[in-house]
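Okay, so here's the structure we're looking at.
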Amino acid sequence: MAAHRYWLATLAVIVVAAFVHGPAVAADEGLAAWAKVNEVFSHPRCANCHVGADNLPIWSGPHYGSQPRPHGMHVDAGASRIGAENGLLCMSCHGPRNAEANHGPPGAHAWLLAPVSMQWSGRSSAEICAQIKDPQRNGGRALAEIADHVEHDALVGWGWAPGGDREAAPYSAVQAAGFLREWAGHGAPCPSP
Amino acid sequence: MKLSVNGVEHELDVEPEMPLLWALRDALGITGPKYGCGIAQCGACTVHVNGLAVRSCVLRVGDVQGPVTTIEGLGQADALHAVQAAWIEHQVAQCGYCQSGQIMAAAAFLAIQPEPTDEQIDRAMSANLCRCGTYTRIREVVHTAAAKLREA
Amino acid sequence: MGRLAKITRRTFLVGAAALVGGFAVGYVAYKRDPKNPLLDDLADGASTLNPFLLIDAQGITVITPRADVGQGAWSVLAALIAEELDLAWGQFKVDPGPPSAAYYNGKVAAEGFPIAATSDSFFARNGRAFGDVVGKLLGLQVTGGSSTVADAFDRLRVAGATARRMLLIAAAKQTGEPIDSLSTRDGQVLTADGRAFSYVALAPAAARLAPPHEVALKPASQWRLLGKPMQRIDMVAKCTGTAAYGIDLRLPGMLHATVRTNPFLGGGIRGFDAAEARSMRGVVAVLPVKGGFGVIADNTWRAFEAAARVKADWGPPAHAFATDALFAEAAASFVAERRDSRFKDEGDVDAALAAAGASAIEAEYRVPCLAHAPLEPMNAVAQWQDGRLDIWTGTQIPRFVLAAAAELSGLDEHQIHLHQQISGGSFGRRLEDDYVRQAIELALAHPGPPIKMTWTREEDMRHDFPRPFAVARMRGVVADGRVQAFDLGIASASVTASQMGRIGQSVPGPDTAIVAGAWDQPFAIPNYRVTGYRVPDALPVSSWRSVGASGNGFLHECALDELIHAAGADPLAERLRLCTHEPSRRLLQAVGEMSDWGTPLPAGRGRGLAYTLSFGVPVAEVVEVTATAAGIRVDAVHVAVEVGKVIDPVNFEAQVQGGVLWGLGHAMFAELTHAGGRVEQSNFHDYTSLRLYQTPRIEVRTFETTGEVRGIGEPPVPPVAPALANAIFAATGQRIRELPLVKQIGFV
């Protein structure tokens, strides 16, 4: 009985994969697409606000020394991820758009940290991939919805227009969404951990 | 454009990209909010918009949605806000230039967190610079102000 | 000021220069009391009893002729007068008054003399008295050197007491009552039978009387105000946003301006293209000023925006200052031809070092340039209209500003009116007049409206005159658990020469600032020598809170700590053994008690001790730190200070706390660096300042045993950095010999 179920599952994977492309090719192309997605997601411009349960946004870049470091001014965005618990909202300084001055605070509509479940900072490509595919940890989104989110969300889009002399995330929002769709189309494979 | 400051509606003819700070200081003559850095590093320009603390030096006046309160509107000498009263009681100010921003930051903070711990005070108030070194008293005075607000 | 201005300016920050010549002339002038400047524009019905008191129908105005840069000068000066005049706190107004020789500072000049504060020699006593002569002769109206209270303590109480006496005499004449039956309270003279005569009513008659030759001052036991907690007169205004700083001034028809000068220091401007700027909304004019250009507009932000769009053709820097090269130059300055001073030379250091041979201990230390960066950027308002020049600004040197204005405008000084404003910090920055000159230049080029010139923070950071860098070399010998020889050489730029140089004067003799806080420390080390070396042609530098001692405290006290550890001695016990100044010994003992010195600490924690005598005030401090995974956390600072007399304990404590945090934050994080002739930092994102979460607990114990009244604005600063570095050594074993410490070790 157990063996029978195992066989069926294997068959299903083979059939589905073969239907899309040919198994080996699909995985390779899917992983290649994921690598580009990961290049974007793990870039400090994105990962600095996809931080863990310490709720500390990260600063990095040429003006912050060689190592990324926690946001200055002792900022803690709290479990609310908007700074509510400590009475100092991200939005106190981060307004609706980038400050004109180079070292002024960047801004976008509703400045906040991504949920803890979506931590990318310090995570491997495999870990990020698994998170993106997990509806419990991706905001209950289908992969197509994630691609749409990346393409159209204003705060996500800021990553490609960070203002000042900040380094933008690689590629563009449209390209990143394209990589996601391509990856999903190839069966959304994740690299081995 | 229209701008509500300290309960007064103003009609302003300024560029929407002018920082709120300079609209307040030079267009409306409201000089309690101070210019210290222009890049949200020091907090001397802190005002409330819709009751939330914001750095008026980096917020464009055209992006302001809601009523603005400055230190002048928080309380006056004959009608002090509890935070101001605590500040005076503790004799916090030295040069005083950062204190408008400190007080506005503390007032917004205590409205959200009426019973703060030392750690929360450190989190909330570390984005406001003081070059004179009034920090020791700020940590004390926020507790006093919180107690006054709870009594009120 | 005319010729006097020239003398004054030449002799500003006199140092040893004042000792050269002029004594006989000076003494005659000294006997003559400076004229009361309040008589010049005395309104009808107004009376003045002396330069510090104006009484009219509106009430009583106390003149507080020092810059209030946050230290509370106006409150403390007013209290000295109000105490003797029997005014109720708050029943009078304060006004800084006009610039005047009557408001000379008799204590600031003596700071430049090489006289140890602990010395009671004939030379020391006469030298200090001579400082008062110099100050009075030259009308040095200067705020600085922690001298405000020391200078005013007797003089303003005497001013209050003589005015009170004159009011009593006037009341006696009017009532026919014997003067001894009269008393004063809350601005009134009271008769024995309960009648009250207000000072306001008595003032016109009192003003016609000759001041008494002698008055008795109240004994401290009868003080109502002094020595007791006061509410600073500016506190309510500063907590309600109604205190108007220079930058807040609003005048009818006022225009707003900003200035940009060449970021490559001293490079000047060859020309500029302001076509785009002139087309921008609100821009009134774009004008050349010395070294750059100014934009006049109808709004400060519009001026900032337009200035950013002026295409300037900057000249090359006068010197391509670079931090590495400056330190290399300093390191190459320990040579005979650059020797500036050797005020301390006890025992035979050379013999002791030679005898020790290879066992002698050597180390090199360095401290960086630092910016003042008060939170209110430099600004000034100037208006030239109808042959009259008005200037509104916060300045520590009002009479020099007046002289500069006369020089720039060609006007006589009586046509120039300087209105002192409160300042959002200074820390020594407002001992310079560059920003005021720029506002005057703009006003002269654009007559009519008042023009408020405001610097951007970036302009302020790039055009500061910093605290100078310094390199120190220590050589020492220890034996038998004791420090036997301590040789400290300090190479730095001369603050005095630099400040004087900016007004075209050279200063003969050594600069005490190079070795201040190091050469005059009361330790009986058998072989003990402190030598100053002057780094020539260095970048322009200036006085920064605690001046030379600000860096020398670190250099001296870390070096001494290193020797004490090498001797295997305890830092507190060895300093107590060496210390020859009894009040200072009490301080060392006090911080030992406060910090539980000697009790064991868990691993990763440490205490560090340092002591510095500066501005006549000895201060001992112990810093406690913990080495955490996130970096060093500063837990506590224990401070013991001997100040002679505390006027307002609440403000006094604030000054000590502020001085400690000033010293601490800069020691941890701050440096101003140069590359290619320009300052590399531009704002608080890269000139890092202490923040609340990094603030330790501060415990202050004050001693008032010497009876010598001293100021407290600066003396708490110098010992913090070394106490912190010594604590880090105790906690981690890492001996850091360079500031800021963050270059070597992380902080929480």
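Below, chains carry the letters A, B, ... as their sequence lines are ordered, and counting in each starts from 1.
Contacts between C:Val69 and chain B at a heavy-atom distance below 4.5 Å involve the backbone alone (N, CA, C, O). Residue B:Val14 touches chain C through both its backbone and its side chain, counting heavy-atom pairs closer than 4.5 Å. When heavy atoms are compared at a cutoff of 4.5 Å, C:Ser423 approaches chain B solely by way of its backbone atoms N, CA, C and O. For chain B, the nearby parts of C:Thr456 are the backbone and the side chain; heavy atoms of each come within less than 4.5 Å. Interface residue B:Ile103: only side-chain heavy atoms are found under 4.5 Å from chain C. No part of B:Glu119 comes within reach of chain C, as not one of its non-hydrogen atoms sits under 4.5 angstrom from that chain. Contacts between B:Gln91 and chain C at a heavy-atom distance below 4.5 Å involve backbone atoms as well as side-chain atoms. Looking at C:Tyr245, only its side chain comes within 4.5 Å of chain B, counting heavy atoms on both sides. Residue contact with chain C, scored on non-hydrogen atoms closer than 4.5 Å, is absent for B:Glu140. Contact annotation for C:Arg250: only side-chain heavy atoms (C-beta onward) come within less than 4.5 Å of a heavy atom of chain B. With a 4.5 Å cut-off on non-hydrogen atoms, C:His685 touches chain B through its backbone and its side chain both. Heavy-atom distances place both the backbone and the side chain of C:Ala654 under 4.5 Å from chain B. With a threshold of 4.5 angstrom between heavy atoms, C:Trp662 approaches chain B through side-chain atoms but not through N, CA, C or O. Contact of C:Ala237 with chain B is not made at all, since no heavy-atom distance falls under 4.5 Å. Contact of B:Leu80 with chain C is made through the side chain alone, with heavy-atom distances under 4.5 Å. For chain B, the nearby part of C:Asn683 is the side chain; its heavy atoms alone come within less than 4.5 Å.
Side chains of C:Trp89 and C:Gln231: no donor on one and acceptor on the other come within 3.5 Å. In this structure, a donor-acceptor pair under 3.5 Å is present between the side chains of C:Arg467 and C:Ser550. Between C:Glu653 and B:Thr136, the side chains place no donor N or O within less than 3.5 Å of an acceptor N or O (distance only, hydrogens not considered). Using a 3.5 Å distance cut-off with no hydrogens or angles, the side chains of C:His256 and C:Thr300 do pair a donor with an acceptor. For the residue pair C:Gln396/C:Ser426, the side-chain donor-acceptor check at 3.5 Å is satisfied. Between the side chains of C:Thr393 and C:Thr395, no donor-acceptor pair of N or O atoms lies under 3.5 Å. Side-chain contact, C:Glu699 with C:His638: a donor N or O sits under 3.5 Å from an acceptor N or O. Using modelled atom types and a 3.5 Å distance limit, the side chains of C:Ser146 and C:Glu714 yield a donor-acceptor pair.
Ranking C:Glu458, C:Glu305, C:Glu376 against chain B, the residue ahead of the rest is C:Glu376, based on heavy-atom pairs under 4.5 Å. Contact count versus chain C (heavy atoms, under 4.5 Å) is highest, among B:Thr134, B:Ile138, B:Leu74, B:Ile39, for B:Ile39. When each of C:Pro377, C:Gly425, C:Pro696 is scored by its heavy-atom pairs under 4.5 Å with chain B, the top score falls to C:Pro377. Options C:Gly70, C:Pro374, C:Pro229 differ in how many heavy-atom pairs under 4.5 Å they form with chain B, and the most are formed by C:Gly70. Chosen from C:Leu661, C:Ile698, C:Thr695, the residue pairing most often with chain B at heavy-atom distances under 4.5 Å is C:Thr695. Interface summary for chain B: among C:Phe684, C:Trp301, C:Tyr693, C:Phe304, the most heavy-atom pairs under 4.5 angstrom belong to C:Trp301. When each of C:Gln71, C:Lys452, C:Met461, C:His666 is checked for heavy-atom pairs under 4.5 Å with chain B, C:His666 comes out on top. For the set B:Ser126, B:Gly96, B:Gly36, the entry with the most heavy-atom pairs within less than 4.5 Å of chain C is B:Ser126. Each of B:Ile121, B:Ile88, B:Val92, B:Leu21 has some count of heavy-atom pairs under 4.5 Å with chain C, and the biggest count is that of B:Ile88. Interface remark: of the candidates B:Arg123, B:Met18, B:Gln84, B:Met18 forms the most heavy-atom pairs closer than 4.5 Å to chain C. Looking only at heavy-atom pairs under 4.5 Å with chain C, the residue among B:Arg137, B:Glu72, B:Gln76, B:Gln99 that has the most is B:Arg137. In terms of heavy-atom pairs under 4.5 angstrom with chain C, the leader among B:Ala44, B:Ser100, B:Cys37, B:Gly38 is B:Cys37.
Between the CG atom of B:Leu149 and the CD atom of B:Glu115 there is a distance of 11.5 Å, given to the nearest 0.5 Å.
Residues C:Phe427 and C:Trp544 place their aromatic rings such that the two centres sit no closer than 6.0 Å. You'll find the ring centres of C:Tyr687 and C:Phe669 outside the 6.0 Å limit.
Under 4.0 Å is where a charged nitrogen must lie from a carboxylate oxygen, and between B:Glu15 and B:Arg60 no such pair does. A salt bridge does not link B:Asp118 with B:Arg139: every distance from a Lys NZ or Arg NE/NH1/NH2 to an Asp or Glu carboxylate oxygen is 4.0 Å or more. Between B:Asp26 and C:Arg302 there is no salt bridge, since no side-chain nitrogen of the basic residue lies less than 4.0 Å from a carboxylate oxygen of the acidic one.
For the pairing with B:Thr46, the side chain to side chain donor-acceptor pair (under 3.5 Å) check across B:Gln102, B:Lys34, B:Arg55 returns one residue only, B:Arg55.
At most 12 non-hydrogen atoms from other residues, nucleotides or ligands lie less than 6.0 angstrom from CD of B:Gln65.
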